[in-house]
Amino acid sequence: MSEKKIITDSGIEIKEIYTEKDNFNTDNSSSGEFPFTRGVQRSMYRGKLWTMRQYAGFSTAEESNKRYHYLLNQGVSGLSVAFDLPTQIGYDSNHALADGEVGKVGVAIDSLEDMEKLFEGIKLEDVSTSMTINATGFILLAFYVALAKKQGADLNKISGTIQNDILKEYAARGTYIYPPQPSMRIITDIFEWCSKELPKWNTISISGYHIREAGSTAVQEIAFTLSNGKAYVKAALEKGLDINVFGKRLSFFFNAHNNLFEEVAKFRAARRMWANIMKDLGATDEKAMMLRFHTQTGGSTLTAQQPMNNISRVTIQTLAAVLGGTQSLHTNGYDEALSLPTEEAAKIALRTQQIVAFESGAADTADPLAGSYFVESLTNEVEKEATALIESIDAMGGSVAAIEAGFIQDEIARSAYEYQQNIENHSKIIVGVNKFTTTDHEKIPGFKIDDSIQKMQCDKIEHLKQKRNNEKAQTLLQQISDVAKTNENIMPVVLEAVENYCTLGEIADALRNVFGEYK
């Protein structure tokens, strides 16, 4: 009888035992050395732990502000803002298409006034903030900078990240506004402007997270993400920007799933691949070749059935991220398959990170799984498969062309379908879902958002428009449209507009009039 074959979700076959013969591409570099397989810092977490973030944002700016103060008191070392769907796709809360969505999956931010409330009592110079925002990333960045200026902050000290990764929106997530070419122009404008005005800001977080959430495999996640990264670098080079300057401010955002060893191998392979990609594109400064990344535990792995099991899943995923050398981490609440996380679930998620950091020993040495025959072999396999996929995309003309042809979307859809089939035919076991099920359902208190939030936000917009200088606002909105028709950088006029209390929807519309919308 032949022995059962075990393969990962990426289709990599796992052998019964690994020996030194399996390590055909042993990388003898140290941590902090090119190609950074073992980590981007020499001493890794011995020198500085990863930034512990908790992704939070819901309802109004005032309510989210209370959660931020709570999380800071519980020991988070960085904030991570979730925005509602209208904010993500450039509609104010009083727009017809925002109806029923205001404050639901994140916080509603319509103007600088909301940003002031969101960070009330928090000095932006003292905290690193990550914002999961793409199509309207440039507007939210302008709100943040305008607020920092009002606080009297030194912009050279302001640190954080905007996601700002539009290519994965076309491929996997859907919160785009403008067509690919003008969207890429906005992104390179941000690169250019931040290099002069906001030197410590990470101008993009090239995101594999949502590609994985949409159903990709681990191999596809890094192949499509690094391919998108190449497209952004090439666009910036065409604009005449210096790869050794903007390259240091690129960051990545990955998913951590349940297959511990494949995930660790994925992170190690991604670092090595990106270092070589950047070298090939002309980077000579090693800091511009380093792949620095934020990780979030896998939202799509959380189950509504037996939700307390999710605490164990998140713990395995946290270990994968830490053993893989992440720079920043968000851990999901056990109840997130059912609702936004309650305060209790958010606290347990944060404590999971703290226990791994201070009790597990995983942070005591750089790249603790290096030299494992299995992990080194798996790192090589993931790299080989992902490189082949990137070469296929390059042959099509790069990520933008591959997205326009539907190739990346089709590949993700195929993997998602196969994964679901494997759950349904029981070749993949999900505890509590297709095995070890129970008939009694745990009562988990959900976190619900009141529909009255929308009226509150609409009233705020109306009041804002009554008290601002509307003539000045209209002049600036017209200037945004005018600048969009030139090659001039769009950020200075957007910043001036938000400082004069133009709303997010008004600014997004000023560009819709010029760029149109992607259908």
Inset, instruction - Return the orientation label for the F374 and Y18 ring planes: parallel under 30°, perpendicular over 60°, tilted otherwise. - result: tilted
Inset, instruction - Look up atom CG in D165 and atom OH in Y170, then write down how far apart they are to the nearest 0.5 Å. - result: 10.5 Å
Legend entry - Non-hydrogen side-chain atoms of K230 and I390 separated by less than 4.5 Å: yes
Inset, instruction - Test side-chain contact (heavy atoms from CB on, under 4.5 Å) on E197 and L495 and set out the steps. - result: CA-CA 12 Å; E197 305 292 334; L495 180 59; over 6 Å; no
Legend entry - Any donor-acceptor pair under 3.5 Å from S10 side chain to I12 backbone: no
Inset, instruction - Quick one: closest heavy-atom pair of A288 and A283, and the distance? - result: CB-CB, 4.3 Å
Legend entry - Interatomic distance, S427 atom OG to Y419 atom OH [nearest 0.5 angstrom]: 10.5 Å
Legend entry - Heavy-atom closest pair, residues A320 and E263: CB-CB, 3.8 Å
Legend entry - Point-to-point distance, once rounded to the nearest 0.5 Å, from CG of L250 to CZ of R292: 7.5 Å
Inset, instruction - Show your reasoning for whether ring pair (Phe, Tyr, Trp, His ring centres under 6.0 Å) applies to F252 and W274. - result: CA-CA 10 Å; F252 288 80; W274 185 246; 4.9 Å; yes
Legend entry - Check: L141 and W201 side chains under 4.5 Å, non-hydrogen atoms: yes
Inset, instruction - Write down the atom of N202, the atom of S251, and the distance for their closest heavy-atom approach. - result: CB-OG, 4.0 Å
Inset, instruction - Locate the shortest heavy-atom distance separating T303 from A337; write the atom from each residue and the value. - result: C-CB, 3.6 Å
Inset, instruction - State whether the number of non-hydrogen atoms from other residues, nucleotides or ligands found under 6.0 Å of N487 atom CG is greater than 12. - result: no
Inset, instruction - Supply the atom-to-atom distance D22 CG to L378 CG, rounded to the nearest 0.5 angstrom. - result: 11.0 Å
Inset, instruction - State, without any angle test, whether D114 and Q457 hold a side-chain donor-acceptor pair at a distance under 3.5 Å. - result: yes
Inset, instruction - Please name the pair of heavy atoms, one in A108 and one in G103, separated by the smallest distance, quoted to 0.1 Å. - result: CB-N, 4.2 Å
Legend entry - Salt bridge E262-K266, side-chain N to carboxylate O under 4.0 Å: no
Legend entry - H95 and P86, any side-chain heavy atoms less than 4.5 Å apart: no
Inset, instruction - Please say whether more than 12 non-hydrogen atoms of neighbouring residues, nucleotides or ligands are located less than 6.0 Å from OH in Y417. - result: no
Legend entry - Donor-acceptor under 3.5 Å (D335 side chain, L338 main chain): no
Legend entry - Axial cation check for F34 ring with K279, 6.0 Å and 45° limits: yes
Inset, instruction - Return yes if some donor-acceptor pair links the side-chain N/O of N228 with the main-chain N/O of L167 below 3.5 Å, else return no. - result: no
Inset, instruction - Decide side-chain contact (heavy atoms from CB on, under 4.5 Å) for Q88 and N134; before the verdict, give the C-alpha distance in whole Å, the side-chain angles of both, and the deciding distance to 0.1 Å. - result: CA-CA 7 Å; Q88 291 181 49; N134 296 287; 5.6 Å; no
Legend entry - Test: R268 and E376 ion pair at under 4.0 Å: yes
Inset, instruction - Please say which of R272, R271, E383, M273 ends up in a side chain to side chain contact (heavy atoms under 4.5 Å, CB included) with T37. - result: R272
Legend entry - Side chain to side chain, Y144 and L198, heavy atoms closer than 4.5 Å: no
Legend entry - I444 side chain reached by T342 side chain, heavy atoms, under 4.5 Å: no
Legend entry - Main-chain N/O of G298 paired with Q317 side-chain donor or acceptor, under 3.5 Å: yes
Inset, instruction - Please confirm whether the backbone N or O of I403 pairs with a side-chain atom of Q409, one donor and one acceptor, at under 3.5 Å? - result: yes
Inset, instruction - Report yes or no: do Q54 and S80 form a side-chain donor-acceptor pair below 3.5 Å? - result: no
Legend entry - Donor-acceptor contact below 3.5 Å, side chain R53 vs main chain L329: no
Inset, instruction - Please identify each residue that fulfils ring-ring contact (aromatic ring centres under 6.0 Å, His included) with Y209, with sequence neighbours left out. - result: F253
Legend entry - Presence of salt bridge, D189 and R185, under 4.0 angstrom: yes
Inset, instruction - Apply side-chain hydrogen bond (donor to acceptor under 3.5 Å, both in side chains) to E169 and T175, showing your working. - result: CA-CA 6 Å; E169 294 297 329; T175 64; 2.6 Å; yes
Legend entry - Expected output: side-chain H330 to main-chain Y55 donor-acceptor under 3.5 Å: yes
Inset, instruction - Taking the side chain as every heavy atom from C-beta outward, state whether F138 and I507 have any pair of such atoms under 4.5 Å apart. - result: yes
Inset, instruction - Find the distance between CG (N434) and CD (E424) and round it off to the nearest 0.5 Å. - result: 9.5 Å
Legend entry - side-chain contact (heavy atoms from CB on, under 4.5 Å) assessment of D110 paired with N94: CA-CA 9 Å; D110 293 312; N94 59 0; over 6 Å; no
Inset, instruction - Give, for atom CD1 of I89 and atom CD1 of I133, the distance between the pair rounded to the nearest 0.5 Å. - result: 10.0 Å
Legend entry - S372 side chain vs V375 backbone, donor-acceptor pair below 3.5 Å: yes
Legend entry - Any donor-acceptor pair under 3.5 Å from S183 side chain to Y178 backbone: yes
Legend entry - With sequence neighbours excluded, residues passing side-chain hydrogen bond (donor to acceptor under 3.5 Å, both in side chains) with E213: N255, S300
Inset, instruction - Just say parallel, tilted or perpendicular for the rings of F293 and F267, cut-offs at 30° and 60°. - result: parallel
Legend entry - Derivation and outcome, side-chain hydrogen bond (donor to acceptor under 3.5 Å, both in side chains), residues S227 and S399: CA-CA 6 Å; S227 190; S399 267; 3.1 Å; yes
Legend entry - Heavy-atom side-chain contact between T129 and Y68 under 4.5 Å: no
Legend entry - Worked verdict on T188 versus F246 for side-chain contact (heavy atoms from CB on, under 4.5 Å): CA-CA 10 Å; T188 54; F246 75 78; over 6 Å; no
Inset, instruction - Provide the closest heavy-atom pair for P180 versus E404 in the form atom of the first, atom of the second, distance. - result: CG-OE2, 3.9 Å
Inset, instruction - Examine the side chains of D92 and T503 and answer whether a donor and an acceptor come within less than 3.5 Å of each other. - result: yes
Legend entry - Under 3.5 Å: donor-acceptor pair, side chain of S64, backbone of A61: no
Legend entry - Validation row: L140, L504 side chains within 4.5 angstrom (heavy atoms): yes
Legend entry - Partners passing side chain to side chain contact (heavy atoms under 4.5 Å, CB included) against N513 (at least two apart in sequence or in another chain): none
